[in-house]
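Below is one structure, written out as structure tokens; comments come after it.
Index from 1, following the sequence.
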Amino acid sequence: MKQLRFAVLGCGFWSKFQIGAWSEIPEAKLVALYNRTKSKAEAMAERFNVPAVYDDAEKLFASENLDFVDIITDVDTHCKFVEMAVNAGIKHIICQKPMAPDFKTAKYMVDICNKAGAKLYVHDNYRWQAPVRRFKEIMESGIIGKPFKAKVSFLSGFPVFDNQPFLKELDHFILTDMGSHVYDICRYLFGEVSKLWCQTKAVNPTIKGEDLAVTMMEMRNGMPLYTEMSYASIIENDMFSTVNIQVEGDKGSLTLGPGTKFEIRTTTRQETISEIVKFPSYEWADPDYIVNHESGIHINRNILDSILHGTRAENTGEDNLETVRLVWASYESAKKGELIEIKNFN
């Protein structure tokens, strides 16, 4: 069995779950960690038995023989580390979502990788959540017929600003944070968007950016799709770490949530069928958020198969650029109060 050697840049909150997901894939061998605060990298190295630790990324690239790198740092540093990896001759680069702090930078990151003959992948894991994958399987089986209307929701009152106070200071929040996930799911399930209209609002008076966004989309196939994202919602079935989906077809409807967690209900004129998606357990994963943590295994496997065997990875930089385009088109729509034609948004 061939093992690919890789390094992780960034040892913050999400890294333990990302590294945990990699630990489930025997063809990947984590050989080095970078973090600007070296003690964080040392603690992570001890937990996952990683042999090398650095607080200088340039030194890491100069010292290690790597097949790929996984960048899990703050979004403002993504471009810098992608450039660094390209200059070091790394041909496979994974970057945590959101890809970049703006659309122009995201395009630049894709371009420099293409020019260097390097493959860029974006770790946007929500489309890899087991209930979302199963939802698509059922929808594409034809049991509900041709979809004609859909809604994707993320509504939560989780105290995200208490745990990560720096989020209060961001000029843009929920669309870059959750919009990346929600829009990627929309594209995965229903294809590309032709136009959208978006409204945003800061419900929490202590934050700079927005914690509420509602978007009406018209898909290229003509189907209307409504999305809603909120970190200000006090509701019975909090959606933190997952989404709810509803799609209507000419023969029935399909829903994921919001009642029993990870329940998919298929309704036709004859009956309603219920299915609950279940998960294995992992030592490194939080059982309360297993739907999100476990999905990392599947996206990592998909990317690794692409590196090893040349198969198609779903979450390439080029593909994710279209999700980034929707995020920033939404900000443009909210700012101007106008309908945005996606083909004209650059």
Side-chain angles (χ1 to χ4, degrees), residues 21 24 124-158 178-179 181-193 214-230 233-282 285-299 301-302 312 314-315 323:
E24 302 295 330
D124 198 330
N125 60 311
Y126 268 51
R127 72 158 67 186
W128 291 93
Q129 291 185 353
V132 175
R133 306 299 281 197
R134 179 61 181 146
F135 188 95
K136 185 171 185 175
E137 284 181 1
I138 297 171
M139 183 177 72
E140 292 187 342
S141 74
I143 191 171
I144 67 166
K146 182 179 179 181
F148 63 81
K149 179 166 73 74
K151 178 173 74 172
V152 181
S153 302
F154 170 85
L155 304 175
S156 179
F158 186 82
M178 280 308 305
H181 288 317
V182 170
Y183 290 166
D184 193 60
I185 286 173
C186 292
R187 294 181 55 243
Y188 169 67
L189 292 176
F190 306 113
E192 301 300 338
V193 180
V214 295
T215 309
M216 187 69 205
M217 301 178 180
E218 180 181 292
M219 311 308 285
R220 286 185 186 171
N221 61 13
M223 187 185 79
L225 191 157
Y226 172 78
T227 73
E228 53 185 356
M229 294 159 257
S230 170
S233 299
I234 304 169
I235 56 172
E236 180 182 3
N237 298 294
D238 194 287
M239 302 174 196
F240 185 70
S241 84
T242 189
V243 294
N244 290 165
I245 309 170
Q246 180 177 352
V247 59
E248 297 177 40
D250 54 15
K251 295 181 181 178
S253 63
L254 194 62
T255 61
L256 170 59
T260 303
K261 261 194 170 182
F262 318 130
E263 181 185 29
I264 301 174
R265 296 177 69 84
T266 307
T267 298
T268 63
R269 292 189 183 277
Q270 290 74 41
E271 60 182 342
T272 293
I273 303 168
S274 171
E275 175 181 333
I276 296 177
V277 178
K278 301 195 180 289
F279 301 86
S281 61
Y282 303 92
D286 186 332
D288 289 336
Y289 307 113
I290 186 64
V291 64
N292 203 11
H293 296 168
E294 193 252 2
S295 64
I297 301 171
H298 305 303
I299 182 173
R301 166 53 69 188
N302 181 254
R312 188 183 76 88
E314 289 189 22
N315 297 76
T323 297

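Closest approach of Ser241 and Gln129 over heavy atoms only: O-NE2, 2.9 Å. Residues Val277 and Ala130 come closest through the heavy atom pair CG1-CB, 3.8 Å. When all heavy atoms of Val247 and Pro147 are compared, the pair lying nearest together is CG2-CB, 3.7 Å. The heavy-atom pair separating Met216 from Pro224 by the smallest distance is CE-CB, 3.4 Å. In terms of heavy-atom proximity, Asn244 sits nearest to Gly257 at ND2-CA, 3.7 Å. Minimum interatomic distance between Ile264 and Arg134 (heavy atoms only, all atoms of both residues): CD1-CG, 3.7 Å.
Annotation: side chain of Thr266 is not in contact with side chain of Thr272 (no heavy-atom distance under 4.5 Å). With a 4.5 Å cut-off on side-chain heavy atoms, Ser153 and Val243 do not count as touching. At a threshold of 4.5 Å between non-hydrogen side-chain atoms, the residues Ile144 and Ser253 do not count as touching. Within the 4.5 Å cutoff, no side-chain heavy atoms of Asn237 are placed close to those of Lys261. Using a 4.5 Å cut-off on side-chain heavy atoms (C-beta onward), Trp128 and Asn302 make contact. Put simply, the side chain of Ile185 reaches to within 4.5 Å of the side chain of Ile245, judged on heavy atoms.
One distance of note links CZ of Phe154 with NE2 of His181; it measures 8.5 Å at 0.5 Å rounding. Interatomic distance, SG of Cys186 versus CE of Met217, reported as 5.0 Å (0.5 Å rounding). Interatomic distance, Thr242 OG1 to Asn292 CG, rounded to the nearest 0.5 Å: 8.0 Å. One finds the OG1 atom of Thr215 at 4.5 Å from the CE atom of Met229 (value rounded to the nearest 0.5 Å). The CD atom of Gln246 sits 8.5 Å away from the CZ atom of Phe135 when rounded to the nearest 0.5 Å. Interatomic distance, Tyr126 OH to Ile299 CD1, rounded to the nearest 0.5 Å: 12.5 Å.
At least one donor-acceptor pair under 3.5 Å links the side chain of Asn315 to the backbone N or O of Asp124. Panel note: side chain Asn125, backbone Ser295; no donor-acceptor pair is recorded below 3.5 Å. Using modelled atom types, no side-chain atom of Ser233 and backbone atom of Ile235 make a donor-acceptor pair closer than 3.5 Å. Side chain of His293 to main chain of Ala285: no donor-acceptor pair is present (N/O by atom type, distance under 3.5 Å, no hydrogens or angles).
Within the cation-pi definition used here (under 6.0 Å to the ring centroid, within 45° of the axis), Lys278 does not qualify as a partner of Phe262.
Salt bridge annotation for Glu314-Arg133: present, with a cationic side-chain nitrogen under 4.0 angstrom from a carboxylate oxygen.
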Apply salt bridge (Lys or Arg N to Asp or Glu O under 4.0 Å) to the pair Arg265 and Glu263, showing each step before the final yes or no. CA-CA 6 Å; Arg265 296 177 69 84; Glu263 181 185 29; 3.0 Å; yes

Could you check Tyr282 against Ile290 for side chain to side chain contact (heavy atoms under 4.5 Å, CB included), going step by step and ending with a plain yes or no? CA-CA 9 Å; Tyr282 303 92; Ile290 186 64; 4.0 Å; yes

Starting from the C-alpha separation in whole Å, work towards a yes-or-no answer on side chain to side chain contact (heavy atoms under 4.5 Å, CB included) for Glu192 and Asn221. CA-CA 8 Å; Glu192 301 300 338; Asn221 61 13; over 6 Å; no

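Remark: of the listed residues Lys146, Lys151, Lys149, Lys149 is the sole one forming a salt bridge (Lys or Arg N to Asp or Glu O under 4.0 Å) with Glu248.
Note: Phe158 and Phe240 have parallel aromatic rings, judged against thresholds of 30 and 60 degrees for the angle between ring planes.
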